[in-house]
Chemist: 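One structure, pasted below without further comment.
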Amino acid sequence: MPRHPIAAKGGVESAPALTSAHTPRVVAPTRALDLVAATRAATDLLTALGVNIQSEGTERTPERMARALADLTTPPSFTMTTFPAQGYQEMVVVDQIPFTSVCEHHLLAFHGTARVAYIPGERMVGLSKIPRLVEFFARRPQVQERMTREICDLLVQHLEPRGVGVLVRAEHTCMSTRGVRALGTTTLTRAFHGRLAGDTRAREEFLSGAAGAGS
């Protein structure tokens, strides 16, 4: 029977009384969001940087900036629906999952694709829930290495599969548009659990598929 971790750190909350034990809500920690204060802060920041915010094109820029950052840093909750595996024991792969996140060091975007695979135990997760899971961990100030591990860990914790593999490839604008300005450079991170961590053949199957897809 799958466990239901509590959402103290932005994971899966206990299922409500009227919800199936196999459909817990995935929720982010509660936080205060004050768009008025954020707009004032954006105004102060842009003014301090010498940006003209009095023109027709920029007079609403602080508000737009605050709303955009709020959207990029607010994880969307969703229901993690699962189903009986009914004897299916092969790898399930969802590939080329697009995402955009925000580097927690510079608050600049990094974007790319994720490849997520698991080998079912007793239950399988709805296919649309895997892209939602990627988005859930992407939509916050983040680092790619941690995001990759978090996606893997939540699948392990909730689904109890026999194996999980996560591969994330992304371009970081904090590296391509500033500093070294390494345009087009991508970063690849991986996380494995169970058979995909200990079985070389299963791991190679996962990675070779990723190479073939160019993800």
Chemist: Taking the side chain as every heavy atom from C-beta outward, state whether Lys129 and Thr81 have any pair of such atoms under 4.5 Å apart.
Modeler: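 Answer yes - side chains close enough.
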Chemist: To the nearest 0.5 Å, how far apart are CZ in Arg67 and CG in Leu69?
Modeler: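 Spacing of CZ (Arg67) from CG (Leu69) equals 12.5 Å.
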Chemist: Output all residues satisfying side chain to side chain donor-acceptor pair (under 3.5 Å) with Thr74, sequence neighbours left out; order by chain, then residue number.
Modeler: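 Partners of Thr74 by the side chain to side chain donor-acceptor pair (under 3.5 Å) criterion, ordered by chain and then number, come out as Arg31.
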Chemist: Considering non-hydrogen atoms only, spot the tightest contact between Phe137 and Leu154 and give its length.
Modeler: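 Closest heavy-atom pair between Phe137 and Leu154: CE1-CD2, 3.8 Å.
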Chemist: For the backbone of Ala109 and the side chain of Thr173, can you confirm whether one donor and one acceptor N or O come within less than 3.5 Å of each other?
Modeler: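 Flag set: sc Thr173 to bb Ala109 pair under 3.5 Å.
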Chemist: With a 4.5 Å heavy-atom cut-off, do Glu205 and Leu196 have their side chains touching?
Modeler: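 Answer no - side chains too far apart.
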Chemist: Do Pro84 and Glu122 come close enough that some side-chain heavy atom pair is under 4.5 Å?
Modeler: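 The answer is no; the side chains never approach within 4.5 Å.
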Chemist: Mark yes or no for whether Thr61, through its side chain, and Thr58, through its backbone, hold a donor-acceptor pair below 3.5 Å.
Modeler: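 Flag set: sc Thr61 to bb Thr58 pair under 3.5 Å.
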Chemist: Write down the atom of Ala66, the atom of Leu35, and the distance for their closest heavy-atom approach.
Modeler: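 Nearest heavy atoms, Ala66 then Leu35: O-CD2, 3.9 Å.
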Chemist: Under 3.5 Å, is there a donor on one side chain and an acceptor on the other for Thr187 and Gln144?
Modeler: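 Side-chain D/A pair, Thr187 to Gln144: absent.
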Chemist: Looking only at non-hydrogen atoms, find the nearest pair between Ser101 and Gln142 and report the distance.
Modeler: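 Looking at all heavy atoms of both residues, the shortest contact is OG-CB, 3.4 Å.
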Chemist: Show, in sequence, the C-alpha distance, side-chain angles and deciding distance for Phe192 and Arg203, and conclude whether the side-chain contact (heavy atoms from CB on, under 4.5 Å) test is met.
Modeler: CA-CA 8 Å; Phe192 300 108; Arg203 187 166 62 252; 3.6 Å; yes
Chemist: Test side-chain hydrogen bond (donor to acceptor under 3.5 Å, both in side chains) on Arg25 and Thr79; report intermediate values, then the result.
Modeler: CA-CA 4 Å; Arg25 290 285 292 170; Thr79 300; 2.9 Å; yes
Chemist: Mind checking what makes salt bridge (charged side-chain N to carboxylate O under 4.0 Å, His left out) contact with Glu171, not counting sequence neighbours?
Modeler: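 Glu171: no salt bridge (charged side-chain N to carboxylate O under 4.0 Å, His left out) contacts found.
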Chemist: Looking only at side-chain N and O atoms, does Thr73 offer a donor or acceptor that is under 3.5 Å from a partner on Arg140?
Modeler: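 Thr73 and Arg140 do not have a side-chain donor-acceptor pair below 3.5 Å.
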Chemist: Quick check for you: to the nearest 0.5 Å, what is the distance between Thr189 atom OG1 and Glu145 atom CD?
Modeler: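 Separation between the atoms: 6.5 Å.
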Chemist: Kindly assign one of parallel, tilted or perpendicular to the pair Phe99 and Phe110, based on the angle between their ring planes and the thresholds 30° and 60°.
Modeler: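 Ring orientation, 0 to 90° scale: perpendicular.
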Chemist: Any chance you could lay out the side-chain contact (heavy atoms from CB on, under 4.5 Å) test for Val102 and Leu108, step after step, and finish with the verdict?
Modeler: CA-CA 5 Å; Val102 179; Leu108 291 174; over 6 Å; no
Chemist: Has the side chain of Ser176 got a donor or acceptor atom that lies under 3.5 Å from a matching backbone atom of Leu183?
Modeler: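 Looks like no, no N/O pair under 3.5 Å.
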Chemist: Write out all pairs satisfying salt bridge (Lys or Arg N to Asp or Glu O under 4.0 Å) with one or both partners inside residues 80-89, taking only residues at least two apart or from two chains.
Modeler: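 Counting only pairs at least two positions apart or across chains, no salt bridge (Lys or Arg N to Asp or Glu O under 4.0 Å) contact touches residues 80-89.
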Chemist: Decide whether Leu188 and Leu207 are clustered together by the hydrophobic rule: side chain heavy atoms of Ile, Leu, Val, Met, Phe, Trp, Tyr closer than 4.5 Å, transitively.
Modeler: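 Both belong to a single hydrophobic cluster.
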Chemist: Write down the atom of Met65, the atom of Ala42, and the distance for their closest heavy-atom approach.
Modeler: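 Smallest interatomic distance, heavy atoms only, reads SD-CB, 3.9 Å.
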Chemist: When hydrophobic residues are tied together by side-chain contacts of less than 4.5 Å, even through go-betweens, does Met175 share a cluster with Val168?
Modeler: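 Unlinked, Met175 and Val168 end up in two clusters.
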Chemist: Please tell me whether Leu33 and Val36 are part of a single hydrophobic cluster in this structure, the criterion being side-chain heavy atoms less than 4.5 Å apart.
Modeler: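 No, Leu33 and Val36 fall in different hydrophobic clusters.
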Chemist: Can you sort out the partners of Ala68 under side-chain contact (heavy atoms from CB on, under 4.5 Å), two or more places apart, ordered by chain and number?
Modeler: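 Partners of Ala68 by the side-chain contact (heavy atoms from CB on, under 4.5 Å) criterion come out as none, since no residue qualifies.
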Chemist: Look up atom CG in Asp199 and atom CD in Glu204, then write down how far apart they are to the nearest 0.5 Å.
Modeler: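 Between atom CG of Asp199 and atom CD of Glu204 there are 9.0 Å.
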Chemist: To the closest 0.5 Å, what do you measure between NE2 (His106) and CZ (Arg178)?
Modeler: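 Nearest 0.5 Å value for the NE2-CZ distance: 3.5 Å.
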Chemist: Applying the 4.5 Å side-chain criterion to the ILVMFWY set and letting contacts propagate, would Phe136 and Leu127 be lumped into a single cluster?
Modeler: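 Hydrophobic grouping puts Phe136 with Leu127.
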Chemist: If you measure from SG on Cys152 to CZ on Arg190, what distance do you get to the nearest 0.5 Å?
Modeler: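 Those atoms lie 12.5 Å apart.
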Chemist: Answer with yes or no whether the hydrophobic clustering places Leu107 together with Leu72; edges join I, L, V, M, F, W, Y residues whose side-chain heavy atoms lie under 4.5 Å apart.
Modeler: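 Both belong to a single hydrophobic cluster.
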Chemist: Which residues satisfy the side-chain contact (heavy atoms from CB on, under 4.5 Å) test with Tyr88, sequence neighbours excluded?
Modeler: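 In terms of side-chain contact (heavy atoms from CB on, under 4.5 Å), with neighbours along the sequence ignored, Tyr88 is linked to Glu90, Val92, Pro120, Met124.
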Chemist: Stepwise, does the side-chain contact (heavy atoms from CB on, under 4.5 Å) test hold for Tyr118 with Val156?
Modeler: CA-CA 9 Å; Tyr118 71 97; Val156 171; over 6 Å; no
Chemist: For the residue pair Ile97 and Pro131, establish whether any side-chain heavy-atom pair is separated by less than 4.5 Å.
Modeler: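 Ile97 reaches Pro131 side chain to side chain.
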Chemist: Show me the pairs that pass salt bridge (Lys or Arg N to Asp or Glu O under 4.0 Å) and involve residues 45-62, at least two apart or across chains.
Modeler: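 As it turns out, the salt bridge (Lys or Arg N to Asp or Glu O under 4.0 Å) pairs with a partner in residues 45-62, which skip direct neighbours, are Arg60-Glu63.
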Chemist: Mind listing the closest non-hydrogen atom pair of Val164 and Val166 along with its distance?
Modeler: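 Shortest heavy-atom separation between Val164 and Val166 comes out as CG1-CG2, 4.1 Å.
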Chemist: Do Val143 and Cys103 have side-chain heavy atoms sitting under 4.5 Å apart?
Modeler: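 No. Closest side-chain heavy atoms not under 4.5 Å.
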Chemist: Within 45° of the ring axis of Phe83 and under 6.0 Å from its six-membered ring centre, is that where the NZ or CZ of Arg123 lies?
Modeler: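 Judged by the rule, Arg123 and Phe83 form no cation-pi pair.
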Chemist: Would a 4.5 Å heavy-atom cut-off, applied to side chains only, mark Phe78 and Val27 as touching?
Modeler: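 Contact flag for Phe78/Val27 side chains = no.
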Chemist: Can you tell me if Arg132 has over 12 outside heavy atoms packed within less than 6.0 Å of its CZ?
Modeler: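 No, CZ of Arg132 has 12 or fewer neighbouring heavy atoms, counting only those of other groups under 6.0 Å.
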Chemist: Could you check whether any side-chain heavy atom of Val94 comes within less than 4.5 Å of a side-chain heavy atom of Arg115, counting everything from C-beta outward?
Modeler: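 The answer is no, as the side chains (C-beta and beyond) never meet within the 4.5 Å cut-off.
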Chemist: Do Val116 and Ile151 have side chains that approach each other closer than 4.5 Å (heavy atoms only, starting at C-beta)?
Modeler: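 With C-beta onward as the side chain, the pair touches.
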Chemist: Say you draw a straight line from NE2 of His193 to CZ of Arg162; how long is it, rounded to the nearest 0.5 Å?
Modeler: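 One finds 11.5 Å between NE2 of His193 and CZ of Arg162.
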Chemist: Kindly give the heavy-atom pair with the smallest separation between Ala138 and Thr100, and that separation in Å.
Modeler: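 Taking every non-hydrogen atom into account, CB-O, 3.8 Å.
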